[in-house]
Amino acid sequence: QVQLVESGGGLVQAGGSLRLSCVASSSVYAMGWFRQAPGKEREFVAGITWSGSSTNYADSVKGRFTISRTNAKNTVYLQMNSLKPEDTAVFYCAAAARNGLFRNEYEYKYWGQGTQLTVSA
């Protein structure tokens, strides 16, 4: 069983930046970030392959967010720039049991507990 622990959430003003981190208890394959805003369903944010050579993003964050990973540390990051109030959500880290680029949450087997991001106007 792989455990994922996110960190880095907090309160930031619109236009600001923040970096989320997620540490896995062991080596994992594809990883991703999802988010869930109040009253909304959880949605895909970004994904990354094991090597980090391929990434994909939701249209709403493309150009503002960057996903990356350091396998030596079993860590995936989400650098978030030009934050908007509509980015306010609980952000979840997820890990898949195989390699690839996945947008569907059902492709991911392991999930973190989530970290809150609040963007003030």
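Note that the coordinates shown come from a computational prediction; the quantities given were computed from them, not determined experimentally.
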For Tyr57 and Phe44, which heavy atoms make the closest approach, and how far apart are they?
-> C-CE2, 3.8 Å
Check: Asn81/Ser17 side-chain N/O donor and acceptor closer than 3.5 Å = yes
Evaluate the side chain to side chain contact (heavy atoms under 4.5 Å, CB included) criterion for residues Val45 and Leu78: first the C-alpha distance (whole Å), next the side-chain angles of each, then the deciding distance (0.1 Å), finally the verdict.
-> CA-CA 9 Å; Val45 175; Leu78 186 68; 4.1 Å; yes
Residue pair Lys40, Arg35: steps toward the side chain to side chain contact (heavy atoms under 4.5 Å, CB included) verdict = CA-CA 10 Å; Lys40 295 187 177 181; Arg35 67 184 180 185; over 6 Å; no
Does Gln3 use its side chain to pair, donor to acceptor, with the backbone of Ala24 at less than 3.5 Å?
-> no
Got Gln79 and Leu20 here, is their nearest side-chain heavy-atom distance under 4.5 Å?
-> no
State, with a plain yes or no, whether a side-chain heavy atom of Trp111 is found less than 4.5 Å away from one of Arg42.
-> yes
Flag side-chain contact, heavy atom, 4.5 Å: Thr115 against Val90 | no
Please determine if Lys62 and Asp59 form a salt bridge, counting it only when a charged side-chain N lies under 4.0 Å from a carboxylate O.
-> yes
Considering all heavy atoms of both residues, which atom of Asp87 and which atom of Val119 are nearest to each other, and what is their separation?
-> CB-CG2, 4.2 Å
Point-to-point distance, once rounded to the nearest 0.5 Å, from CG of Leu11 to OG of Ser120 = 5.0 Å
Backbone of Lys73 reached by a side-chain donor or acceptor of Thr75 within 3.5 Å | yes
What heavy-atom pair brings Tyr92 and Gly112 nearest, and what distance separates the two atoms?
-> CD2-O, 3.6 Å
Leu4 side chain reached by Val23 side chain, heavy atoms, under 4.5 Å = no
If two hydrophobic side chains count as joined below 4.5 Å and joins carry through other members, does Leu101 share a cluster with Trp33?
-> no
Does Tyr110 OH have over 12 foreign heavy atoms under 6.0 Å away?
-> yes
Heavy atoms, side chains only, cut-off 4.5 Å: are Val76 and Cys93 in contact?
-> yes
Are the side chain of Thr49 and the backbone of Ala30 linked by a donor-acceptor contact shorter than 3.5 Å?
-> no
Would you confirm whether Thr70, through its side chain, and Ala72, through its main-chain N or O, come within 3.5 Å as a donor-acceptor pair?
-> no
Is a side-chain donor or acceptor of Thr88 paired with a backbone partner of Thr118 at a separation under 3.5 angstrom?
-> no
Taking it one step at a time, do Tyr108 and Phe102 satisfy side chain to side chain contact (heavy atoms under 4.5 Å, CB included)?
-> CA-CA 8 Å; Tyr108 294 88; Phe102 309 120; 3.7 Å; yes
Cys22 and Met31: side chain to side chain contact (heavy atoms under 4.5 Å, CB included), yes or no, with the steps?
-> CA-CA 10 Å; Cys22 172; Met31 299 192 76; 4.2 Å; yes
Inter-residue atom distance Arg103.CZ - Phe34.CZ, 0.5 Å rounding | 10.0 Å
Test item: Gln36 and Glu43 side chains (from C-beta on) under 4.5 Å apart, heavy atoms | no
Arg69 NZ/CZ over Tyr77 ring centroid, <6.0 Å and within 45° of normal = no
Shortest non-hydrogen contact between Leu18 and Gly10, atoms and distance = CD2-N, 3.9 Å
Within 45° cone and under 6.0 Å: Arg98 NZ/CZ vs Trp50 ring | no
Determine whether more than 12 heavy atoms belonging to other residues, nucleotides or ligands lie under 6.0 Å from atom CD of Glu86.
-> yes
